[in-house]
Amino acid sequence: METVKINDNLSLHYIKMTKLKTTSLAVYIHRPLCRGEASYNALLPLVLKSGTTLCRDREAMAKYLDNLYGATMGGAPIKCGEDHIIYFDAETISDRYAPEGEPLVEDLLKLLMSVLFSPRTENGIFDEKVVEQEKVNARDKIDAFVNDKRQYASVRCGQETARGTAFAINRLGDKEGIDAITAKSLYDYYKSIITSSVIDIYVCGDTDITRAVSAVREYTDNLNFTKAELPRTEIISRAAGELRSVTEEMDVTQGKLAIGILTNTKPTDEDYYALMVFNSVFGAGAHSKLFNNVREKLSLCYYASSQLEKFKGIITVNAGIEFENFQKAYDEILAQLGEIQKGNITKHEFNASVSAIINSFNSYFDDQRALATNNLMNRVAGIDKSLEETIERVRKVTVEDVVRVSKKMQPDTVYFLKGRGE
């Protein structure tokens, strides 16, 4: 990867990949996750991609993208630990395949830069009609999140496990926050952050990097940036105590059980590679203990899996269950954790876990977005290792390493979403 420092805040990273016929672009504006900014960060990408000085409205933007042979562009808020990122991505065919030799990547990058640095305004602020429409869309996204009960329960468990930290804030903000935003307040917020935030631009594919750098400089050289720092996240560490229980009631016909477990392992620790393997053995795949024992053998749930939130040091177990099976499913999930801690890991479970992780990482070499995202997440976490080095570290993990890491696990929160009156 080649990195060009545009200024103190802005960096362009070029990952050359010639095996695909497309080139992907990604922009990450880093903001510290906090209640006061969350709703603004959720709404801002929707408004910014609604019109710029280059493309006045969505119709003009769609036409511009069509002229780049069906290029695509999107934007959304994402969360990496307590780094709340305003994210844009775009993709077009690589320049070498342009029928008339057009600089497609450069032209697409110019559109992205206009979205960031030259948005459409009316009377010195964002267009009020656009902002009001996008507020409706932002609220709809919050409703869609709540309506996806499996995702909702998992996120709620993570929030409760991360209680007292900024990580408990929803990446989509909240309806009250969205409602309070005006065209003026959003524009004032935009002006306050656009030159005072760390911004990473990724170009992954095959292009002339010097032309890409020129496209960025065209929009940024005349701006005055205030040096910013990349938001950092610390894993959760608290004294062991009784499991905290949180129950919510909604109109659901299937219970959602989630358990938040503190790993006490940082993503920069050498033990982190063993933690990845532990998570795979425990619940990340059809080879895992949760899938084969809690779901298949005992039929205690419709699904059972675990996922690792490396930035905060949390593993969240998710299971869909009949309401009356709560205690049995809960007991068996913790029993499977106990089996790993005792060293009861089969050769198949271990080998399949290591292979699954390595195969997943190897697939990144054929996925431009995954390569950029992996690099970005490592940057946020403070990890300075190549994908090849990461794969090699995973390959060296032993069963004993997994057992040792498992003994650092600290079950912290039990979240249960049940039906009303159940």
Side-chain angles (χ1 to χ4, degrees), residues 1-7 9-30 45 48-76 78 85-120 194 198-223 363-377 379 387:
M1 186 180 72
E2 178 183 351
T3 295
V4 178
K5 265 306 243 193
I6 305 298
N7 56 48
N9 291 2
L10 184 57
S11 299
L12 188 148
H13 312 279
Y14 178 45
I15 304 174
K16 188 174 182 62
M17 179 191 284
T18 59
K19 63 172 67 176
L20 302 180
K21 294 183 178 180
T22 58
T23 293
S24 295
L25 310 178
V27 176
Y28 304 87
I29 306 173
H30 302 268
L48 288 179
K49 65 186 180 72
S50 296
T52 76
T53 55
L54 183 62
C55 296
R56 180 171 176 77
D57 51 30
R58 288 185 178 276
E59 183 179 354
M61 200 169 289
K63 184 176 181 180
Y64 186 98
L65 292 168
D66 283 343
N67 288 337
L68 299 180
Y69 302 98
T72 60
M73 188 188 74
I78 60 177
I85 298 172
I86 300 169
Y87 167 67
F88 297 92
D89 73 332
E91 185 176 76
T92 185
I93 60 173
S94 297
D95 292 344
R96 68 161 70 181
Y97 300 104
E100 305 296 330
E102 304 96 321
L104 301 178
V105 176
E106 180 183 2
D107 287 344
L108 184 57
L109 190 53
K110 284 182 177 180
L111 176 60
L112 271 177
M113 293 302 97
S114 72
V115 166
L116 261 65
F117 300 110
S118 190
R120 173 192 169 191
I194 196 63
V198 174
I199 302 176
D200 286 299
I201 302 170
Y202 282 82
V203 179
C204 190
D206 187 16
T207 191
D208 183 344
I209 189 60
T210 58
R211 298 188 69 161
V213 170
S214 295
V216 175
R217 291 195 182 279
E218 178 184 333
Y219 280 87
T220 59
D221 276 355
N222 293 326
L223 300 176
S363 72
Y364 292 2
F365 293 111
D366 297 314
D367 187 331
Q368 295 168 347
R369 284 189 175 90
L371 271 180
T373 300
N374 181 71
N375 186 276
L376 184 281
M377 292 180 71
R379 175 164 153 70
L387 197 51

**Fill in**
For P119 and L116, the nearest pair of non-hydrogen atoms, with its separation, is CD-O, 4.3 Å
**Complete:** side-chain hydrogen bond (donor to acceptor under 3.5 Å, both in side chains) filter on T373, not counting sequence neighbours, yields none
**Asked** Rounded to the nearest 0.5 Å, how far apart are CD1 of I199 and CG of N9?
**Response** 7.0 Å
**Prompt:** Minimum heavy-atom separation for L54 to L111, with atom names?
**Reply:** CD2-CA, 3.8 Å
**Message:** Just so I know, are the side chains of N375 and D200 near enough to count as touching, which here means a heavy-atom distance under 4.5 Å?
**Reply:** no
**Request:** List the steps, then state whether side chain to side chain contact (heavy atoms under 4.5 Å, CB included) holds for Y14 with V4.
**Result:** CA-CA 8 Å; Y14 178 45; V4 178; over 6 Å; no
**Request:** Taking salt bridge (charged side-chain N to carboxylate O under 4.0 Å, His left out) as the test, write out the residues that go with D366, two or more places apart.
**Result:** K19
**Prompt:** Considering residues at least two apart in sequence or located in another chain, which fulfil the side-chain hydrogen bond (donor to acceptor under 3.5 Å, both in side chains) criterion with S94?
**Reply:** T23
**Message:** Can you list everything that forms a side-chain hydrogen bond (donor to acceptor under 3.5 Å, both in side chains) with R56? Sequence neighbours excluded, please.
**Reply:** E122
**Considering all heavy atoms, the nearest A212-L109 contact** = O-CD2, 3.4 Å
**Complete:** Interatomic distance, CG@D221 vs CD1@I6, rounded to 0.5 Å, equals 8.0 Å
**Request:** Check side chain to side chain contact (heavy atoms under 4.5 Å, CB included) between T18 and all other residues, then give those that pass, not counting sequence neighbours.
**Result:** K16, R96, D206
**Item:** Minimum side-chain heavy-atom gap L376-H30 below 4.5 Å
**Value:** yes
Review item, side-chain donor-acceptor pairs of residues 66-74, under 3.5 Å, at least two apart:
{"from": "N67", "atom 1": "ND2", "to": "K63", "atom 2": "O", "distance (Å)": "3.4"}
{"from": "Y69", "atom 1": "OH", "to": "E102", "atom 2": "OE2", "distance (Å)": "2.5"}

**Message:** I need the L223 CG to L10 CG distance, nearest 0.5 Å.
**Reply:** 9.5 Å
**Item:** D95: side chain to side chain contact (heavy atoms under 4.5 Å, CB included) partners, not counting sequence neighbours
**Value:** L104, V105, T207
**Request:** Could you pull out all residues at least two apart from Y28 that satisfy side-chain hydrogen bond (donor to acceptor under 3.5 Å, both in side chains)?
**Result:** none
**Message:** Under the rule for side chain to side chain contact (heavy atoms under 4.5 Å, CB included), what residues qualify as partners of A76, not counting sequence neighbours?
**Reply:** none
**Prompt:** What's the shortest heavy-atom distance between S11 and K5, and which atoms?
**Reply:** OG-CD, 3.2 Å
**Asked** Is there a side-chain contact between F365 and L387, using heavy atoms and a 4.5 Å cut-off?
**Response** yes
**Complete:** For T22, the side chain to side chain contact (heavy atoms under 4.5 Å, CB included) test, sequence neighbours excluded, returns L20, E91, Q368
**Residues forming a ring-ring contact (aromatic ring centres under 6.0 Å, His included) with Y364, sequence neighbours excluded** = F361
**Complete:** Nearest heavy-atom approach of G75 to F88 is CA-CD2, 3.8 Å
**Request:** Could you grab the distance from atom OG1 of T220 to atom CG of L12, nearest 0.5 Å is fine?
**Result:** 10.0 Å
**Nearest-0.5 Å distance that lies between atom CZ in R120 and atom CG in L48** = 13.0 Å
**Request:** Supply the atom-to-atom distance C55 SG to L65 CG, rounded to the nearest 0.5 angstrom.
**Result:** 7.0 Å
**Asked** Which residue pairs pass the side-chain hydrogen bond (donor to acceptor under 3.5 Å, both in side chains) test with at least one member in residues 106-115, sequence neighbours excluded?
**Response** T52-S114, E106-R211
